[in-house]
Amino acid sequence: MDPYSRGPEKTWVYGALRIRDGHEVTMTATSHNSAFHQQFLQLVEDANPVGDIYAITDNPSSHNSVSTRTWLEEHPRIQHVFIPVGACRLNLQEGWWRIFRKTALAGRSFGERDHNTHATEVATAQLNARARPRIWGRPAPPTRRLRRRYVYFLRGIQR
């Protein structure tokens, strides 16, 4: 889970990636604070009705505030896992953000906050339509089948 901000009035986009199927949950907010973070965690919990939820996040104060820790005690299915400072590459969400920024935000200027929210919703729906499980690391190379080997003889060449 990570936030991303955009625009002169700072619209924050919160996102969470479900790695088992590649689907994303996003939400836009006017601020990056504990209240919006908890609201987003509730969306994530609603999108995943069964099983434990491991929220891998970076270390801003809104993710580790007293109100967020209190909220998390009331929602035991959600467990925060903080990545080390400077190790964002460990978070599979970062690759999704790159694709999201290209799809929803690249080359666009939003006049109103609602336009940014609409672009976020459309891009998330499009990316979720072609989602696939996410794997950390490089995928195994495809196996190659040996093709028939042809031998060509040139006729008419004298030795």
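Reckoned from all heavy atoms, side chains included, excluding hydrogens, waters and symmetry mates.
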(request) Run the numbers on Trp97 and Val13 for side-chain contact (heavy atoms from CB on, under 4.5 Å), then give the verdict. (result) CA-CA 10 Å; Trp97 279 125; Val13 180; 3.8 Å; yes
(request) Could you check Trp12 against Thr30 for side-chain contact (heavy atoms from CB on, under 4.5 Å), going step by step and ending with a plain yes or no? (result) CA-CA 6 Å; Trp12 291 88; Thr30 56; over 6 Å; no
(message) Please evaluate residues Glu45 and Arg77 with respect to the criterion salt bridge (charged side-chain N to carboxylate O under 4.0 Å, His left out), reporting the C-alpha separation (whole Å), side-chain torsions for both, the decisive distance (0.1 Å), and the verdict.
(response) CA-CA 8 Å; Glu45 188 174 34; Arg77 288 190 326 123; 3.8 Å; yes
(message) Would Leu41 and Leu72 count as a side-chain contact (heavy atoms from CB on, under 4.5 Å) here? Give the steps.
(response) CA-CA 9 Å; Leu41 288 174; Leu72 286 169; 4.1 Å; yes
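Inter-residue side-chain proximity for Asp46 and Gln42 is flagged as met; some heavy-atom pair is nearer than 4.5 Å. Thr57 has its side chain within reach of Phe82: a pair of non-hydrogen atoms, C-beta onward, lies under 4.5 Å apart. By the 4.5 Å heavy-atom criterion applied to side chains, His63 and His32 are counted as neighbours. Side-chain contact between Ile83 and Glu94: absent, with no pair of heavy atoms (C-beta onward) separated by less than 4.5 Å.
Residue Arg18 comes nearest to Ala47 through the heavy atom pair NH1-O, 3.2 Å, listed as atom of the first residue, atom of the second, then distance. Here the closest non-hydrogen pair linking Glu73 and Pro76 is O-CD, 4.2 Å. Heavy atoms only, all atoms of each residue included: Ser65 and Ser34 are closest at OG-OG, 2.7 Å. Of all heavy-atom pairs between Thr26 and Leu43, the closest is O-CD1, 4.5 Å. Of all non-hydrogen atoms in Ser31 and Phe36, the two that sit nearest each other are O-CD1, 3.4 Å. Heavy atoms only, all atoms of each residue included: Ala16 and Val44 are closest at CB-CG2, 3.7 Å.
The aromatic rings of Trp96 and Phe100 lie parallel to each other, with less than 30° between the two planes, well short of the 60° mark.
Between Tyr54 and His80, a ring centre-to-centre spacing not shorter than 6.0 Å is recorded.
A side-chain donor-acceptor contact under 3.5 Å links Asn128 to the backbone of Glu24.
By the 6.0 Å contact criterion, NE2 on His118 is open, its count of non-hydrogen atoms from other residues, nucleotides or ligands being 12 or less. By the neighbour-count criterion of 12 heavy atoms within 6.0 Å, atom CG of Leu127 is densely surrounded, having more than that number from other residues, nucleotides or ligands.
Side-chain atoms of Thr11 and Thr28 include no donor-acceptor pair closer than 3.5 Å. Residues Gln126 and Thr103 bring no donor and acceptor atom of their side chains to less than 3.5 Å of each other.
Evaluated for a side chain to side chain contact (heavy atoms under 4.5 Å, CB included) with Thr120, the options Thr117, Asn116, Val122 yield exactly one hit, Asn116.
To the nearest 0.5 angstrom, Gln38 atom CD is 9.0 Å from Glu74 atom CD.
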